[in-house]
Amino acid sequence: NAGVTQTPKFRVLKTGQSMTLLCAQDMNHEYMYWYRQDPGMGLRLIHYSVGEGTTAKGEVPDGYNVSRLKKQNFLLGLESAAPSQTSVYFCASRGPLETQYFGPGTRLLVL
Amino acid sequence: AQRVTQPEKLLSVFKGAPVELKCNYSYSGSPELFWYVQYSRQRLQLLLRHISRESIKGFTADLNKGETSFHLKKPFAQEEDSAMYYCAPHYNTDKLIFGTGTRLQVFP
């Protein structure tokens, strides 16, 4: 099992550009999450999904959109990137006993 | 509101010293409590959960409902314990709430 994977690992964008981050899990988990990690701010939830075809807003959803067309994939989109979105993005899925399994992260730099 | 506080951003100790990473949560029912750890250049992973009452890598965490705390402790820190530690209560909702994290540095 690969667990949770994320693509890409690193990306540089110019302000105003768009991109999609892909998260995939092979553990058949229903719940999936997107977080951003910033120094001194900890992990903040952007969006999450409780199952295929569903999405919900987290703590900091503005500027991001998500889609969960397939159970194993959870996509995070930035329509018009801003420097404030420079961060490390983590995807996670939730398994038994509420345990979350994290991906390796995507480092995004917006210039 | 459901909140979790980790008051120390950075905790530095020498190898062999005791360690206590503090976590306080807002009272709202009886949350399940977790500690996650992130070693340098690695993904976050579960360190321990309260419900299991387990000891992982020498770490334990005691739930104090009166003080609404779930502090993480280890009697003798090792250099390999250097990492970022996150406390995370689960309030019977669809999501975990993560604290801001404490960076533990263990010096030789």
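In the text below, chain A, chain B and the rest are named by the order of the sequence lines, each starting its count at 1.
Put simply, CD on A:Gln37 and CG on B:Leu44 are 6.0 Å apart, with the number rounded to the nearest 0.5 Å.
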Walk me through it: do B:Arg49 and A:Thr99 pass the test side chain to side chain contact (heavy atoms under 4.5 Å, CB included)? CA-CA 9 Å; B:Arg49 60 170 73 89; A:Thr99 300; 2.2 Å; yes

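With a threshold of 4.5 angstrom between heavy atoms, A:Tyr35 approaches chain B through side-chain atoms but not through N, CA, C or O. With a threshold of 4.5 angstrom between heavy atoms, B:Gln38 approaches chain A through side-chain atoms but not through N, CA, C or O. Proximity to chain B (any heavy atom under 4.5 Å) is shown, for A:Arg44, by neither the backbone nor the side chain. Of the atoms belonging to A:Gln100, heavy atoms from both backbone and side chain fall under 4.5 Å from chain B.
Heavy-atom pairs under 4.5 Å with chain B peak, among A:Gly105, A:Pro104, A:Gly58, A:Ala92, at A:Pro104. With respect to chain B, the highest number of heavy-atom pairs below 4.5 Å among A:Leu97, A:Val50, A:Val4 belongs to A:Leu97.
Of all non-hydrogen atoms in B:Asp94 and A:Arg94, the two that sit nearest each other are O-NH1, 3.5 Å. Here the closest heavy-atom approach between residue B:Tyr36 and residue A:Glu98 is recorded as OH-O, 4.1 Å. Taking every heavy atom of both residues into account, A:Leu45 and B:Lys95 meet most closely at CD2-CD, 3.3 Å.
Counting heavy atoms from C-beta on, the side chains of A:Leu43 and B:Leu96 never come closer than 4.5 Å.
Placement of B:Trp35 and B:Ile97 within a single hydrophobic cluster is found when ILVMFWY residues are connected by side-chain heavy-atom separations under 4.5 Å, directly or transitively. Hydrophobic clustering (side-chain heavy atoms under 4.5 Å, transitive across Ile, Leu, Val, Met, Phe, Trp, Tyr) groups B:Leu104 together with B:Val37. Connection of A:Val60 to B:Phe98 is not established within any shared hydrophobic cluster, with ILVMFWY side chains joined at heavy-atom distances below 4.5 Å, either directly or through further cluster members. Using a 4.5 Å cut-off between side-chain heavy atoms of Ile, Leu, Val, Met, Phe, Trp and Tyr, with links allowed through other members, B:Leu46 and A:Phe90 fall into the same hydrophobic cluster. Each of A:Leu75 and A:Tyr48 belongs to its own hydrophobic cluster when Ile, Leu, Val, Met, Phe, Trp and Tyr are linked at side-chain heavy-atom distances under 4.5 angstrom.
More than 12 heavy atoms of other residues, nucleotides or ligands shown are found within 6.0 angstrom of CD on B:Glu79. Sparse packing is recorded around CZ of B:Arg103, with 12 or fewer heavy atoms of other residues, nucleotides or ligands lying under 6.0 Å away. Heavy-atom neighbours of B:Tyr39 OH from other residues, nucleotides or ligands within 6.0 Å: above the threshold of 12.
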